[in-house]
Amino acid sequence: MSKVATRFAPSPTGPLHIGGLRTALFNWLYSKNKGGKFYLRIEDTDKERSKEEHKQQIIKSLTWIGIEHDGDEYIQSKKIEDHVNIALELLKKGKAYKCYCTPEEIEEQKKRAKQKKIPYIYNRKWRDAGETEAPKYIKPVIRFKSKIDGSAILKDLVQGDIEIENNTIEDFIILRNDGTPTYNLSASVDDHLMNMTHIIRGDDHKINTFKQIQIYEALNWNIPKFAHIPLIHTIDGKKLSKRDNASTLDDYSKIGILPEALRNYLLRLGWSFEDKEIFSLKESIKYFNLQGIGKSPSKLDMSRILSMNEHYIKNIKEDELFIKLKEYCELFKEKIDLKKEEKIKQSLSFLKNKAKTLEDIYKNSKYIILNEVSFNKEDLKLIDNKSKKIIIDFVNKISNLDTLSKDNLEPIINELIKVNETNFKGVGQPLRIGLTGSKFGPGIYDIILSLDKDDIVKRLTKVGH
RNA sequence: GGUCCCUUCGUCUAUCGGUUAGGACACAUGGUUUUCAUCCAUGAAAGAGGGGUUCGAUUCCCCUAGGGACCGCCA
């Protein structure tokens, strides 16, 4: 058997959404698991809607999540001539025919069928008609001569055997009257030209597969194996589309979802391997198989994406996390000042415990990143006169320390607690609010040690008066 | 309307005829803790319904119901 070859074939008519991303992932994982190849084909034959920027976004998205395609991108529009030639060959072989029906005529038939509530199927008017009857002024389309009798069985690698009556598949158009090929023709020809062994794609292509198999058969081509994966549904159970919010990659990267987390989430959405939840990239390649793909559609669950992300944030190396945070802030928030980098890096050990996303880390480290404290007004009210006195006492006590450490801070705080007849909270909370602007945040020692002494004095003096 | 597909906790899923139906997320409660979190422990939570087949069905078959996809001179 030839080496496994799969492909992902998006059309650049919009940004890639995560359903497509998962399809790409499954194709890629399958080929890598089998030691095969994975290709990217850009189906850009819809001139009106295809955009270069979308193509770039698709490639960027794949790269972001860690999918690399083998070889160059296969650009479908460059192969149109091949597709047309195959259409002509089918015509010559009598496997296809010219149809002189006008779009209006077809439209009319559909309308009538709908009114009568009978299923519409093209009436095959020109299937056996002679050329001599052809109206000269109409440019014909070329239709494929689909099988009329019997039934076909698709041995789907995910769905099992699917049987369908051949007469429910109409004589579909393979060449438009402007001479351009249509999807089912182009896809079949390209998959053949690219020597695809396995076509893994969304459930929504099932009927196309029956059409495409007939094209393969008409040309005596090897038929690849097919696996139709269930679609991803929105929370209200509908097919995910580009227009749904939180569907494109940007929606996730901008809130600070890590690519490995999204990859892991997508892998487990509709696929499973025993009770295993966390898969490293290597493991996902090692364990991926088609048997593990479920048959029913699955819904997108944001809280799971977040918790997966939380897991990766807590478990990747802090150096790596810092690089990701730095890139994230520069891209979506503000650039981290070089002078602050070291402080943030050191603080990551406690910051990451409070975060599900990079955005959370950013928010929690804002008091380090920004020079000015932005106060929560409600929290600021908690600083009463007694608190102010504690704050000033604290400032006075640390002002003659050279360096701050937990060892030399602890006695000071304990003394303040005693002198003011309060508890840890009575001292910690005013300091936290004064330094970060919020009563929520890291432990007070962590906060103090993540700031410069001058800065601490400045901030506390300001709120203490 | 036609064709095809799907149906286990709220969600993602395990189970390949015999299980107290398991795990994860989310949720609830308790503990740790200077706040918020983290962390730990515990808990609640499911086989759509009805028929068969079988000693025994979540698992196999049929019907019903519900949901979905497709039905373009888009891809």
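Sequence lines set the chain letters: A, B, ... in the order given, protein chains first and strands last, and positions in each chain run from 1.
- Which of B:U35, B:A26, B:A75 sits closest to the side chain of A:Ser307 comes down to B:A26.
- Every residue was checked against the side chain to side chain contact (heavy atoms under 4.5 Å, CB included) condition with A:Pro103, not counting sequence neighbours, and none meets it.
- For the pair A:Arg143 and A:Tyr122, the cation sits on the ring face: its NZ or CZ lies under 6.0 Å from the ring centre, inside 45° of the axis.
- The residue A:Asp46 sits close only to the backbone: its heavy atoms come under 4.0 Å of sugar-phosphate atoms, none of a base.
- Across all strands shown, B:U7 is found opposite B:A65 as a Watson-Crick or G-U wobble partner, with both distances under 3.5 Å.
- Rounded to whole Å, the distance from CD1 on A:Ile232 to P on B:G67 is 22 Å.
- Side-chain contact of A:Thr436 with A:Arg432: a donor-acceptor pair under 3.5 Å is absent, judged by distance alone.
- As judged by a 4.0 angstrom heavy-atom cut-off over every strand, A:Cys99 is placed among residues making no nucleic acid contact.
- The residue A:Ile164 sits close only to the backbone: its heavy atoms come under 4.0 Å of sugar-phosphate atoms, none of a base.
- Using a 4.0 Å heavy-atom cutoff across all strands shown, A:Pro230 reaches no nucleic acid atom at all.
- Between the CD atom of A:Glu170 and the P atom of B:C4 there is a distance of 16 Å, given to the nearest Å.
- The side chain of A:Asp301 approaches B:C25 more closely than any other nucleotide in the set B:A75, B:C73, B:C25.
- You'll find that the side chain of A:Leu231 is closest to B:A69, out of B:C73, B:A69, B:C6.
- One finds a side-chain N or O of A:Lys110 lying less than 4.0 angstrom from the OP1 or OP2 phosphate oxygen of B:G72.
- In this structure, A:Gln429 reaches neither bases nor backbone, as no heavy-atom distance under 4.0 Å exists between it and the strands shown.
- Distance from the side chain of A:Asp275 is smallest to B:A14 among B:C73, B:U11, B:A14.
- Nucleotide B:C39 is matched to B:G31 when pairs are restricted to Watson-Crick or G-U wobble geometry with both distances under 3.5 angstrom.
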